[in-house]
Colleague: 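Pasting a structure below so you can have a look.
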Amino acid sequence: MLRSILITLLIFSGLAIYSQNSQQEIALEGALEVLIQASFSSVSVTTASVDKVSLNHTLEVDGEGRADLRKLRFKREGSVLKIIEVLPTVEAMNEEFPDHKGGMLTGAREGGVGVFNDVMVNSLLEVVVPQGIKVRVETIYGGIMATNVVSLISAHAKYGKVEVVYTEGNKVPSLDLYSNYGAVHLTLPAASGASLDLLTRYGELLTDMDIRIDKVQSETKNFYERVIGTLAGGGALLKCEAPYGDVYLRQGIAD
């Protein structure tokens, strides 16, 4: 009876189950949006013709799997399915693998791989979302990689790089891309139409695409550059901001 009551309380309170399985699937159960929140890991997002969200959560330290330092929590709020990384965190990793020099080194981890303190870490959360489901991603120490996610709304990182790619034949949605201390890279198909709002303060704005710049709204001054403009007559609004990193808008290579 007590077990039944506890299960009922969990269901109706919206609290989710903790999991340490590296690979798993989650039913949508009416969810129209997926919010991914990662504290330490980098996040890779793709879509597929499936009806469930698929996950693969990896944490390896010097080539050894550490399931004891890896944990996810799932939570439903209305039509939003939240995927929350409980472990690893910087605090837990620093306690387990302290820097012998007395500080803490997080470093840049491309694709989840890099040095943390004195160890090599591979920390990655791979998510496959059903097509048509809206996606938002938030990370603190990890980067964000999204490929042909046509329902992506936003990707916000604090320290990691945000890299979003759309290849030929994929519609580019309105996007809000942000990295406070990392870079933002956005790759678009050739001849994509878009409205642009690109901003950096201490980095550079780079592109190999032909932007029609609005000289009235755009602004350049010391440690600040903002470009308002359009590609191919305009279209979806693409906001890319990297206060301390570069914003790179590039044209993809045609197949």
Side-chain angles (χ1 to χ4, degrees), residues 16 18-20 22 26 33-46 53 55-61 66-75 77 80-99 103-127 129 134-147 149 152-164 175-186 199-203 239-248:
Y18 287 82
S19 176
Q20 290 189 357
S22 61
I26 309 172
E33 180 179 324
V34 172
L35 170 60
I36 305 162
Q37 297 175 315
S39 174
F40 185 82
S41 296
S42 291
V43 174
S44 172
V45 185
T46 56
V53 178
L55 304 172
N56 186 25
H57 194 201
T58 300
L59 176 61
E60 296 178 345
V61 180
R66 291 298 303 265
D68 58 314
L69 292 173
R70 172 174 50 76
K71 184 181 293 186
L72 298 175
R73 182 164 64 97
F74 312 118
K75 186 175 182 180
E77 292 184 351
V80 179
L81 170 62
K82 288 187 176 182
I83 301 170
I84 304 166
E85 183 177 58
V86 178
L87 288 173
T89 62
V90 162
E91 293 76 16
M93 293 292 289
N94 199 50
E95 182 176 346
E96 186 77 10
F97 309 102
D99 182 7
M104 183 177 72
L105 174 63
T106 59
R109 288 180 286 115
E110 291 292 329
V113 179
V115 175
F116 177 84
N117 290 344
D118 299 319
V119 297
M120 180 61 72
V121 172
N122 178 16
S123 185
L124 180 64
L125 174 57
E126 298 172 279
V127 185
V129 179
K134 296 178 181 179
V135 179
R136 288 183 289 146
V137 187
E138 300 171 359
T139 65
I140 299 177
Y141 287 95
I144 300 171
M145 299 148 285
T147 303
V149 183
L152 182 66
I153 298 173
S154 62
H156 286 196
K158 186 171 184 179
Y159 294 101
K161 174 183 176 182
V162 174
E163 186 165 9
V164 177
L175 294 170
D176 179 3
L177 309 181
Y178 177 89
S179 177
N180 198 65
Y181 295 103
V184 172
H185 287 196
L186 175 59
L199 188 150
T200 183
R201 289 178 172 82
Y202 294 93
K239 296 181 63 177
C240 301
E241 182 175 353
Y244 292 91
D246 296 338
V247 171
Y248 189 2

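Values in this document were obtained by computation on a predicted structure and should not be read as measured data.
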Colleague: With rounding to the nearest 0.5 angstrom, report the OH to CZ distance, Y244 to R201.
Modeller: 8.0 Å
Colleague: Let's go through I26 and L55 carefully: what are the C-alpha distance in whole Å and the side-chain angles of both, what is the deciding distance for side-chain contact (heavy atoms from CB on, under 4.5 Å) to 0.1 Å, and is it a yes or a no?
Modeller: CA-CA 8 Å; I26 309 172; L55 304 172; 3.5 Å; yes
Colleague: Please walk me through it: do V247 and L199 pass side-chain contact (heavy atoms from CB on, under 4.5 Å)?
Modeller: CA-CA 7 Å; V247 171; L199 188 150; over 6 Å; no
Colleague: With respect to M93, which candidate in V61, N117, L87 satisfies the side-chain contact (heavy atoms from CB on, under 4.5 Å) definition?
Modeller: V61
Colleague: Which atoms form the tightest heavy-atom contact between V135 and V137, and what is the distance?
Modeller: CG1-CG2, 4.0 Å
Colleague: By ring-ring contact (aromatic ring centres under 6.0 Å, His included), which residues pair with F97, not counting sequence neighbours?
Modeller: none
Colleague: Apply the test side-chain contact (heavy atoms from CB on, under 4.5 Å) to residues R73 and K82: give CA-CA distance (whole Å), side-chain angles for both, the deciding distance (0.1 Å), then the verdict.
Modeller: CA-CA 8 Å; R73 182 164 64 97; K82 288 187 176 182; over 6 Å; no
Colleague: Indicate every side-chain donor-acceptor pair of residues 120-127 with a distance under 3.5 Å to a residue at least two apart or in another chain.
Modeller:
{"residue": "S123", "atom": "OG", "partner": "S41", "partner atom": "OG", "Å": "2.5"}
{"residue": "E126", "atom": "OE1", "partner": "N56", "partner atom": "ND2", "Å": "3.0"}

Colleague: Run the salt bridge (charged side-chain N to carboxylate O under 4.0 Å, His left out) test against E138 and tell me which residues pass, sequence neighbours left out.
Modeller: none
Colleague: Could I get the full list of side-chain contact (heavy atoms from CB on, under 4.5 Å) partners for T147, not counting sequence neighbours?
Modeller: T46
Colleague: So, do Y141 and F116 have ring centers that fall under 6.0 Å from each other?
Modeller: no
Colleague: Just jot down the salt bridge (charged side-chain N to carboxylate O under 4.0 Å, His left out) partners of E60, sequence neighbours excluded, or say none.
Modeller: none
Colleague: Atom CG in L59, atom OG in S22: separation rounded to 0.5 Å?
Modeller: 11.0 Å
Colleague: Using the salt bridge (charged side-chain N to carboxylate O under 4.0 Å, His left out) criterion, which residues pair with E163? Sequence neighbours excluded.
Modeller: K161
Colleague: Which residues satisfy the side chain to side chain donor-acceptor pair (under 3.5 Å) test with R66, sequence neighbours excluded?
Modeller: D68, E96
Colleague: Which residues pass the side-chain contact (heavy atoms from CB on, under 4.5 Å) test with H156, sequence neighbours left out?
Modeller: S154, D176, Y178
Colleague: V129 and V45: side-chain contact (heavy atoms from CB on, under 4.5 Å), yes or no, with the steps?
Modeller: CA-CA 7 Å; V129 179; V45 185; 4.2 Å; yes
Colleague: Where the side chain of S42 meets the backbone of G143, is there a donor-acceptor pair that is under 3.5 Å apart?
Modeller: yes
Colleague: Applying side-chain contact (heavy atoms from CB on, under 4.5 Å), name anything that partners T200, two or more places apart in sequence or on another chain.
Modeller: L205, E225
Colleague: As an exercise, state the distance from CG of L177 to CG of L152, rounded to the nearest 0.5 Å.
Modeller: 6.5 Å
Colleague: Show, in sequence, the C-alpha distance, side-chain angles and deciding distance for E241 and K239, and conclude whether the salt bridge (Lys or Arg N to Asp or Glu O under 4.0 Å) test is met.
Modeller: CA-CA 7 Å; E241 182 175 353; K239 296 181 63 177; over 6 Å; no
Colleague: With rounding to the nearest 0.5 angstrom, report the CG to CG distance, D99 to D118.
Modeller: 5.0 Å
Colleague: Check whether any side-chain heavy atom of H57 lies under 4.5 Å from a side-chain heavy atom of E85, and answer yes or no.
Modeller: yes
Colleague: What I'd like to find out is whether the side chain of I84 reaches to under 4.5 Å of the side chain of L72, using heavy atoms alone.
Modeller: no
Colleague: State the NZ-OG1 distance between K71 and T89, to the nearest 0.5 angstrom.
Modeller: 11.0 Å
Colleague: Measuring from I140:CD1 to Q37:CD, what's the distance to the nearest 0.5 Å?
Modeller: 9.0 Å
Colleague: With sequence neighbours left out, what residues match A157 under side-chain contact (heavy atoms from CB on, under 4.5 Å)?
Modeller: T139, I144, V162, S179
Colleague: Please name the pair of heavy atoms, one in E95 and one in P98, separated by the smallest distance, quoted to 0.1 Å.
Modeller: O-CD, 3.7 Å
Colleague: Might you point out which heavy atoms bring L186 and C240 nearest each other, and give the distance in Å?
Modeller: CD2-SG, 4.0 Å
